[in-house]
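Just the heavy atoms: all of them, side chains too, but no hydrogens, waters or symmetry mates, feed the values below.
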Amino acid sequence: MDNNFSMSLEEMNKVLELYFENEISKEVLASWAIEEYQSLIHDGSIVFLEKLPYYNFLNTIMQIDEDEKWRNVGEDDIKQIRNVLLGRENMSYTFKMKMPLENEPLYNILKKLNAMKTYESEIIKIKSIIENYSLSKEINKEDIKCIYDFVVMKPKEVKTILDMLVVTIIEEFLSSYYIDIDEGRFKYSGGHHKLFFTDTNEIDDINKLLKLINCYIGVDYFNVLILYQRGKASVSLVV
């Protein structure tokens, strides 16, 4: 099942063009942005990486018609968005995000979109293993195999923020630990596998792993960074 939010950046640019040509009022512009924003959130489309870049733009545009006393958005903000869409100006912004828990409405919406937490049961098990390991510094072969099986089943495609979280968790494991299921080895590498070698602390890396896992299962918030360069958007995690 495909996600319902189907607006393109080209469509957004056309709407802004109508506004600046005085063919639609700021009231119509704000109403349009509110409707699209609600669709983005309520349809679950916001978890898709190709849709995330719309969030801040719509959140900004829909405030253009608010009471002057409270309004923080002006013409210059809307002009900046159009310049970014046209590739005339670069821009970056971050916002906090949290995955839904099983008892929350968005959980079932994402499930219908085939965007749900595919690796949730494996990750919950791994969380328990890492928590026990952090206390005892001991781990059995069965648990090592569980971690190994997880890190080798990397998503084939990274379409959602959930996929991106899974990839980040896997990369954190691989950059922090030597894992050998044949010899039953699970040894902290001390940062030797990281791109820029640093004398890292295992407790800090364990805490980062647990933080990433909690973000995936919906316990913790994480930051999303959207970077616009030459009219194209890229998405990354800041945890």
Side-chain angles (χ1 to χ4, degrees), residues 1 3 41 43-49 51-52 95-189 193-194 200-225 235-239:
M1 182 177 180
N3 48 319
I41 302 298
D43 290 350
S45 300
I46 192 168
V47 303
F48 289 85
L49 299 180
K51 304 302 182 184
L52 266 172
F95 61 91
K96 283 188 177 294
M97 193 169 184
K98 182 177 175 292
M99 292 297 100
L101 296 170
E102 193 170 357
N103 61 345
E104 296 174 347
L106 187 57
Y107 186 97
N108 290 325
I109 293 173
L110 295 181
K111 196 171 182 179
K112 291 178 182 178
L113 291 173
N114 294 325
M116 208 42 253
K117 307 170 185 178
T118 309
Y119 304 94
E120 187 171 24
S121 59
E122 291 89 349
I123 287 180
I124 289 174
K125 186 175 181 180
I126 287 172
K127 179 183 179 182
S128 176
I129 292 170
I130 295 301
E131 285 174 336
N132 290 333
Y133 171 77
S134 69
L135 296 173
S136 66
K137 290 298 183 290
E138 294 180 357
I139 186 169
N140 60 46
K141 285 189 176 182
E142 183 182 344
D143 288 344
I144 293 172
K145 186 178 185 307
C146 180
I147 293 173
Y148 178 84
D149 289 344
F150 170 72
V151 300
V152 297
M153 63 176 185
K154 192 173 182 177
K156 293 179 181 179
E157 293 182 292
V158 181
K159 290 185 175 181
T160 71
I161 200 71
L162 287 160
D163 296 333
M164 187 173 278
L165 279 166
V166 169
V167 170
T168 307
I169 293 168
I170 290 172
E171 289 174 347
E172 186 62 26
F173 265 119
L174 294 175
S175 66
S176 301
Y177 289 94
Y178 296 104
I179 305 172
D180 188 325
I181 56 171
D182 294 326
E183 296 183 9
R185 293 180 64 199
F186 183 78
K187 183 181 178 182
Y188 183 61
S189 66
H193 288 173
K194 295 184 185 293
T200 56
N201 182 295
E202 185 175 13
I203 294 175
D204 289 341
D205 283 345
I206 286 174
N207 287 337
K208 184 174 181 180
L209 267 171
L210 291 174
K211 167 76 174 177
L212 286 165
I213 289 170
N214 283 334
C215 289
Y216 184 89
I217 62 180
V219 175
D220 262 336
Y221 284 88
F222 56 93
N223 290 314
V224 176
L225 169 66
V235 180
S236 58
L237 296 175
V238 184
V239 180

Task: Which residues share a salt bridge (charged side-chain N to carboxylate O under 4.0 Å, His left out) with D180, sequence neighbours left out - done: none
Task: F95 atom CZ, neighbour heavy-atom count above 12 within 6.0 Å - done: yes
- [ ] Decide if atom CG of L135 counts as having more than 12 heavy atoms of other residues, nucleotides or ligands within a radius under 6.0 Å.
- [x] yes
Open item on the list: Checking S175 against E171: is there a side-chain donor and acceptor pair closer than 3.5 Å?
Closed with: no
Open item on the list: Nearest 0.5 angstrom please: M99 CE to I161 CD1, how far?
Closed with: 6.5 Å
- [ ] Might you point out which heavy atoms bring K211 and V239 nearest each other, and give the distance in Å?
- [x] CG-CG1, 3.4 Å
- [ ] List in chain and number order the residues that pass salt bridge (charged side-chain N to carboxylate O under 4.0 Å, His left out) with K141, two or more places apart in sequence or in another chain; answer none if no residue qualifies.
- [x] none
Open item on the list: Quick check against the 3.5 Å criterion: does T160 have a side-chain atom that pairs as donor or acceptor with the backbone of F48?
Closed with: no
TODO: Would you please name every residue forming a side-chain hydrogen bond (donor to acceptor under 3.5 Å, both in side chains) with N132, sequence neighbours left out?
DONE: none
- [ ] Look only at the side chain of Y119 and the backbone of Y216, and say whether a donor-acceptor pair between them is shorter than 3.5 Å.
- [x] no
Task: Ion pair K145/D149, N-O distance below 4.0 Å - done: yes
Task: Donor-acceptor under 3.5 Å (K154 side chain, V151 main chain) - done: no
TODO: Give the minimum heavy-atom separation between V219 and K98, together with the two atoms involved.
DONE: O-CE, 4.0 Å
Task: Donor-acceptor pair between Y133 and E202 side chains, under 3.5 angstrom - done: yes
- [ ] Identify the heavy atoms of M97 and I46 that sit nearest to each other, and give their distance.
- [x] CE-O, 3.8 Å
